Number of protein chains: 2
Amino acid sequence: MTRVLVVDDDTALLRALAINLRARHFDVETAGDGATALRKAASTGPDLVVLDLGLPDMDGVEVVAGLRGWTSVPIIVLSARDTQSAKVDALDAGADDYMTKPFGMDELIARIRAALRRAAPEPTSPVLVTPDFTVDLSAKRVTRDGAPVRLTPTEWHVLEVLVRNLGKLVTQQQLLREVWGPSYVEETHYLRVYLAQLRRKLEPEPSRPRHLITEPGIGYRFEVERQGSGRTGA
Amino acid sequence: MTRVLVVDDDTALLRALAINLRARHFDVETAGDGATALRKAASTGPDLVVLDLGLPDMDGVEVVAGLRGWTSVPIIVLSARDTQSAKVDALDAGADDYMTKPFGMDELIARIRAALRRAAPEPTSPVLVTPDFTVDLSAKRVTRDGAPVRLTPTEWHVLEVLVRNLGKLVTQQQLLREVWGPSYVEETHYLRVYLAQLRRKLEPEPSRPRHLITEPGIGYRFEVERQGSGRTGA
DNA sequence: TGTCGGCGTCAAGGACCCGTCAAGATCCCG
DNA sequence: CGGGATCTTGACGGGTCCTTGACGCCGACA
């Protein structure tokens, strides 16, 4: 489910936005000030941010800059200010869109759809190949030594999330929320069980995993062989 | 040079747009109707399209659909119509942005910049590079000499806060509140321990740190060398 | 020059987390 | 209604990480 972080100090508007977005089947997180917004964005990794510029603790443009320092998540800015310079500042800081309050809900939803559509194109090929096994995301198939590997639905779901975030660390909360739902973010035991099962089915040495890597206390990471120069080219 | 195709049946506005865009060093093509727009888009392959919806020969939304049939070039729509449904229709047809006439030239330019920025292929995540190690905030990964560095959750959190405030002084209270919570702002000893651990893992000479700098009595600062290093932002 | 506070370093204990196995509980399909 | 696969839950050993204390160094200051 698409995760949207909504940032606004107006609790009434915040609630209205959350209700409308949830009715459209978005997974909504909220924040009432800039510091909370930056913290929640870092911890939950949303797919899109709706950001009101008028925050109590810091300038909205600073929040945009703070996000842009580490993520390219789409940002749609809301503001009561209708001047050109305000819009130019926000957009040049890294915002993707700027809407002036009051705004129409349908238009906001449409702009959210447009922003997500732009961000959507996954350049990664649907099939991932490692020396030990291959994962075909579109066909939902895993092959090892040419033979298909039998995965349970939950096992596949966990693997899928990790592969979609290839090389990136996925926090335990992210995984649990994505696979089991928001109310299961505490059940870290599930992860241990299922990661162990996946490793037993996929890793050549399950006790010394090469791809399904644990980052103790944080989460898991799907590691791809990075042979040759570890160039992190721009 | 960035090529922009401007489509409008109002020749005066068309000329004004062309002049302004050329002054900003864009390479401008123009079209006065939908058929010409589609033909020119196909032949010249612009990097961005500015499209007035009010065209003499066909509906602007059809032009959007016609372009989206074969290209994902960013499209910024101009229109005199200010209704929500008009905006929703255009955006859902595949437009990237919608501006209501009359509009400010500076805002249009800013939205063009934003659209081009998004379209710019930047598959790699923003990374902080120093001569000694690299920090990938998005992937939560630290690399030194090409090999990943193992950080504990707390070590990573401290480093993350410092890197997010690149070059800026972070007070001890800020760090403690962010990483350990508001009730730990007195525990400055934690900082000494963890900064030492980070230096041991990251600095070439832990006793003479080049990046994790102490500001005695105040806090800490992440320092980057000016020469040859820097952020490759989004 | 002596004192004091802040900083860096090291080490140890205990809490916490991870991997593993296995036994119910539940779901799904025949 | 029955059986198998799958999911949940519990227990436990081993390892990691956080916390805490002790100590030396250095600069500020009297």
Side-chain angles (χ1 to χ4, degrees), chain A residues 140 142 148-162 169-181 183-223, chain B residues 140 142 148-162 169-173 175-181 183-221 223:
Chain A
K140 291 196 192 302
V142 180
V149 178
R150 192 173 169 71
L151 294 186
T152 73
T154 307
E155 287 167 3
W156 168 258
H157 206 339
V158 170
L159 179 65
E160 186 183 25
V161 173
L162 289 174
L169 175 53
V170 182
T171 66
Q172 299 170 346
Q173 285 69 31
Q174 253 174 284
L175 259 176
L176 287 164
R177 186 156 16 81
E178 185 77 25
V179 176
W180 280 270
S183 53
Y184 287 76
V185 291
E186 310 257 305
E187 306 287 342
T188 59
H189 192 131
Y190 291 5
L191 296 179
R192 292 200 284 281
V193 172
Y194 276 92
L195 264 294
Q197 287 174 4
L198 280 173
R199 289 202 260 248
R200 197 167 37 234
K201 292 185 177 180
L202 300 179
E203 295 276 3
E205 292 176 277
S207 57
R208 244 159 342 111
R210 294 160 62 182
H211 307 101
L212 297 162
I213 307 297
T214 301
E215 299 280 356
I218 316 180
Y220 295 86
R221 181 201 308 279
F222 197 103
E223 186 87 59
Chain B
K140 288 187 168 53
V142 179
V149 179
R150 278 190 70 81
L151 295 186
T152 73
T154 308
E155 287 166 3
W156 168 257
H157 207 165
V158 170
L159 179 65
E160 190 180 27
V161 173
L162 290 174
L169 174 60
V170 182
T171 67
Q172 298 172 343
Q173 284 70 30
L175 259 176
L176 287 164
R177 191 160 0 93
E178 178 78 23
V179 177
W180 280 269
S183 52
Y184 287 75
V185 291
E186 310 261 304
E187 306 285 343
T188 59
H189 188 72
Y190 289 5
L191 296 180
R192 290 200 284 281
V193 173
Y194 276 93
L195 264 295
Q197 286 175 3
L198 280 173
R199 285 177 182 138
R200 189 155 2 103
K201 290 186 177 180
L202 299 180
E203 295 275 3
E205 292 175 277
S207 56
R208 242 158 337 114
R210 293 160 62 182
H211 307 101
L212 296 162
I213 308 297
T214 301
E215 300 281 355
I218 313 177
Y220 295 86
R221 191 156 43 84
E223 182 93 50

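Only heavy atoms go into these numbers, but all of them, side chains included; no hydrogens, no water, no symmetry mates. Sequence lines set the chain letters: A, B, ... in the order given, protein chains first and strands last, and positions in each chain run from 1. A quick note: this is a predicted structure, and the numbers were derived from the prediction, not measured.
Residue B/S207 has no polar side-chain atom (N or O) positioned under 4.0 Å from OP1 or OP2 of C/dG8. Considering only side-chain N and O atoms, B/W180 lies under 4.0 angstrom from the phosphate OP1 or OP2 of D/dT19. Between A/T152 and the phosphate of D/dC7, there is a side-chain N or O to OP1/OP2 separation shorter than 4.0 Å. Contact check, B/R192 against C/dG8: no side-chain N or O comes under 4.0 Å of OP1 or OP2.
In this entry the distance linking OH of A/Y190 with P of C/dG19 reads 17 Å, nearest Å. Atom P of nucleotide C/dC17 and atom CG of A/L176 are separated by 13 Å, given to the nearest angstrom. Protein atom OH of A/Y184 is 7 Å distant from nucleotide atom P of D/dT9, rounded to whole Å. Here C/dC7 presents its C1' atom at 16 Å from CG of B/L198, a figure rounded to the nearest Å. Atom P of nucleotide C/dC17 and atom CG of A/L175 are separated by 17 Å, given to the nearest angstrom. A straight line from CZ of B/R208 to P of D/dC26 spans 13 Å, rounded to a whole angstrom. What separates CG of B/L202 from C1' of C/dG8 is a distance of 16 Å, to the nearest Å. Rounded to an integer number of Å, the gap from NE2 of A/H189 to C1' of C/dC18 is 10 Å.
Residue B/T214 is classed as a sugar-phosphate contact, given heavy-atom separations below 4.0 Å to backbone atoms only. Residue B/Q197 is out of contact with every strand shown, counting any heavy-atom pair closer than 4.0 Å.
The nearest pair of heavy atoms linking B/L169 to B/R221 is N-CD, 3.7 Å. When every heavy atom of B/L195 is checked against every heavy atom of B/L162, the shortest pair comes out as CD1-CD1, 4.3 Å.
Counting only heavy atoms from C-beta on, A/Y194 has its side chain closest to D/dC7 among D/dC17, D/dC7, C/dG8. Out of D/dA11, D/dT6, C/dC10, the shortest distance to the side chain of A/P153 is found at D/dT6. Proximity note for B/V193 (side chain, C-beta onward) versus D/dC18, C/dC10, D/dC7: the nearest is C/dC10. Checked against D/dA22, C/dT20, D/dC18, the side chain of B/T154 finds its nearest nucleotide in D/dC18. The B/R150 side chain lies nearest to D/dC17 when the options are D/dC17, C/dC18, D/dT6.
Two residues are said to be in side-chain contact when any heavy atoms from C-beta on lie closer than 4.5 Å; A/V142 and A/W156 meet this criterion.
Donor-acceptor pairing under 3.5 Å is recorded for the side chains of B/R199 and B/T214.
Along DNA chain C, the nucleotide nearest to A/Y220 and the one nearest to B/R199 differ in position, and the one closer to the 5' end is contacted by B/R199.
Contact check on A/K201 versus A/E155 returns a salt bridge, with a Lys/Arg side-chain nitrogen under 4.0 Å from an Asp/Glu carboxylate oxygen.
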